[in-house]
Amino acid sequence: MTTTLIRRRSLLLAGSMLLAVRAEAKAHNGTVHVTVEKLAFTPAEIEVRVGETIEWTNRDPFAHTATVKGGWEVPIPPGKSATHVVAPGDTVDYFCRWHPNMKGRIKVIA
């Protein structure tokens, strides 16, 4: 193969991967999906609308939470999913109670 063709394929592959990661944060049927894996929320920052559901899917072998300091908390058991319906005022930073280095951000948009 020519160098140009190899570069083009690499660029297309990189673009596809970027779109796949960004698409994960978009609502599908009113649900925004967040994966919890390797002690991280992916994507770490999401934009949602009031009334949409955030669903965290825990792929780690231990429990996590989506905790808002002074607010709500969603327990996320290992190998399971948990949800939260977005309310006005839910533009927040959140973290895992058991692993405080795990952080995420929810931004409510109009």
Side-chain angles (χ1 to χ4, degrees):
M1 278 192 232
T2 67
T3 304
T4 304
L5 184 57
I6 292 172
R7 286 184 186 156
R8 183 174 179 189
R9 285 185 178 178
S10 297
L11 181 61
L12 288 171
L13 179 61
S16 300
M17 292 172 64
L18 179 61
L19 288 173
V21 170
R22 292 188 54 77
E24 190 173 6
K26 295 200 181 281
H28 176 71
N29 294 333
T31 301
V32 175
H33 300 276
V34 177
T35 301
V36 184
E37 188 172 30
K38 298 179 184 172
L39 297 171
F41 296 111
T42 305
E45 295 185 23
I46 58 174
E47 291 184 347
V48 295
R49 289 178 165 61
V50 171
E52 288 183 331
T53 300
I54 303 169
E55 180 180 72
W56 290 271
T57 300
N58 186 354
R59 294 188 179 155
D60 282 334
F62 35 80
H64 293 293
T65 68
T67 303
V68 175
K69 188 173 185 175
W72 45 265
E73 179 171 274
V74 177
I76 315 165
K80 305 275 184 189
S81 294
T83 61
H84 172 76
V85 177
V86 178
D90 271 351
T91 294
V92 293
D93 293 315
Y94 69 95
F95 62 97
C96 174
R97 174 195 292 223
W98 313 119
H99 312 97
N101 58 311
M102 292 176 59
K103 297 178 182 176
R105 177 156 180 74
I106 300 167
K107 181 180 178 186
V108 177
I109 57 175

Seminar exercise, completed: Note: F62 and H99 closest approach over all heavy atoms is CD1-CE1, 3.9 Å
Problem set entry | Distance-minimising heavy-atom pair for T67 and E73 | OG1-OE1, 2.7 Å
Exercise. Are V34 and V85 connected, step by step, through hydrophobic side chains (Ile, Leu, Val, Met, Phe, Trp, Tyr) whose heavy atoms are closer than 4.5 Å?
Worked result: no
For this session: With the side chain counted from C-beta on, respond yes when V92 and K69 share a heavy-atom pair under 4.5 Å apart, and no when they do not.
Result: no
Exercise. Which pair of heavy atoms, one from E52 and one from R49, lies closest together, and at what distance?
Worked result: OE1-N, 2.8 Å
For this session: Describe, in one word, how the ring planes of H84 and W56 are oriented to each other, choosing from parallel (under 30°), tilted (30 to 60°) and perpendicular (over 60°).
Result: tilted
Problem set entry | Joint cluster assignment, I46 & V68, ILVMFWY side-chain distance < 4.5 Å | yes
Exercise. With a 4.5 Å heavy-atom cut-off, do D93 and K103 have their side chains touching?
Worked result: no
Problem set entry | Exercise: identify the closest heavy-atom pair between P78 and P61 | CB-C, 3.5 Å
For this session: Taking D90 for its side chain and V50 for its backbone only, find out whether a donor-acceptor pair lies under 3.5 Å.
Result: no
Problem set entry | Interatomic spacing from CD1 in I106 to CD in E45 - rounded to 0.5 Å | 11.0 Å
Exercise. Run the side chain to side chain contact (heavy atoms under 4.5 Å, CB included) check on E47 and V32 step by step: do they pass?
Worked result: CA-CA 9 Å; E47 291 184 347; V32 175; over 6 Å; no
Problem set entry | T35-T57 side chain donor-acceptor pair, cut-off 3.5 Å | no
Problem set entry | Common cluster, W98/F41, ILVMFWY with side-chain heavy-atom separation under 4.5 Å | no
Exercise. To the nearest 0.5 Å, how far apart are CZ in R59 and OG1 in T42?
Worked result: 9.5 Å
Exercise. Got a second to check how far T91's OG1 is from K107's NZ, nearest 0.5 Å?
Worked result: 7.5 Å
Problem set entry | Partners meeting side chain to side chain contact (heavy atoms under 4.5 Å, CB included) with A82 (sequence neighbours left out) | V74, I76
Problem set entry | Distance-minimising heavy-atom pair for E55 and T31 | CB-CG2, 3.8 Å
Exercise. Nearest heavy-atom pair of R97 and T65: which atoms, and what distance?
Worked result: N-OG1, 2.7 Å
